Student: 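Here it is, the structure, as structure tokens.
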Amino acid sequence: MMQHELFAEPREPLAEGAVLLRGFCAREVESLLRELDSVTAPAPFRHMITPGGYRMSVAMTNCGPLGWVSDASGYRYSGTDPVSGAPWPAMPEGFVRLAQAAAAAAGFPAFAPDACLVNRYEPGAKLSLHQDKDEKDFRAPIVSVSLGLPATFLFGGQRRKDPVRRFRLVTGDVVVWGGPARLTYHGVSPLADGEDTLTGRYRINLTFRKAG
Ligand code: MD6
Ligand code: FE
């Protein structure tokens, strides 16, 4: 069998401005998860409520100066955790280093994220097709890191009705998108059950943004 049938290319372009870096942080997964504990101790995962009144199946928390929050009044970025009233925990050093290295590898040097949204999926949890458009400046890319159980990432187009492609994301994969792909519709299919040696029955996703 030819090599290309056994091993996926580590750098897979998804669209202009969007690239999947397979295994980019595969050797750091354990240390990233350890650093994540310093975030979830003061700011535990919680299920936010959508503006329409639904409880999100994905549990979320944040670190860094700004955090993404949703409640009955809408989606927005906030400097404080609405549960504790305190500022979000600092972004761990390993998170910042990884986000900058991945952005640079994708052609976006000098990425300075001020927000890291942490998503936790359990089997059955999903994220419906959406655009990330709550950030002030769409010139900065988004860096998305997958840890734990594998997921099917949905990648559409610039309009909700555009056709959607599916990509399998496994632990250690990083997706970077910006430029002309920055407002692409995307989502995550319901998580399949499984067992990861480090996260158990969860998938964790870190998304780094320049929000403010
Ligand atoms: C996830 N990711 O992978 C959800 N958004 O769990 C996102 O919603 C996302 O991966 C913007 C850019 C990259 C992403
Ligand atoms: Fe998103």
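It should be emphasised that the depicted structure is a prediction, and the values quoted were computed from it without experimental measurement. Both ligands and their constituent atoms are indexed starting at 1 by order of listing.
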Student: Quick check on the hydrophobic clustering: are Phe153 and Val118 connected, directly or via other members, by side-chain heavy-atom contacts under 4.5 Å?
Tutor: no

Student: Parallel, tilted or perpendicular, judged at 30° and 60°: which one describes the rings of Phe167 and Phe155?
Tutor: perpendicular

Student: For the pair Arg34 and Asp37, find out whether any cationic side-chain nitrogen is under 4.0 Å from an anionic carboxylate oxygen.
Tutor: no

Student: Going by atom types only, do Ser189 and Arg166 share a side-chain donor-acceptor pair under 3.5 Å?
Tutor: no

Student: Do any pairs count as a side-chain hydrogen bond (donor to acceptor under 3.5 Å, both in side chains) and have a residue in residues 126-143, sequence neighbours left out, and if so which ones?
Tutor: Trp68-Asp134, Tyr77-Glu135, Lys126-Ser128, His130-Asp132, His130-His186, Gln131-Tyr185, Asp132-His186, Asp132-Arg209, Glu135-Arg182, Glu135-Arg209, Asp137-Arg139

Student: Counting only N and O atoms by type, is there a donor-acceptor contact under 3.5 Å from the side chain of Thr199 to the main-chain atoms of Asp196?
Tutor: no

Student: Which protein residues come within less than 4.0 angstrom of ligand 1, counting heavy atoms only?
Tutor: Asn119, Tyr121, Leu127, His130, Asp132, Ile142, Ser144, Phe153, Trp177, His186, Val188, Arg203, Asn205, Thr207

Student: Tell me the protein N, O or S atoms under 2.8 Å from the Fe ion (ligand 2), in chain and number order.
Tutor: His130 NE2, Asp132 OD1, His186 NE2

Student: Side-chain donor-acceptor pair under 3.5 Å between Ser144 and Asn205, yes or no?
Tutor: yes

Student: Restricting to pairs with a member in residues 17-66, which pass ring pair (Phe, Tyr, Trp, His ring centres under 6.0 Å), not counting sequence neighbours?
Tutor: none

Student: Any ion pair linking Arg201 and Glu195 (charged N to carboxylate O, less than 4.0 Å)?
Tutor: no

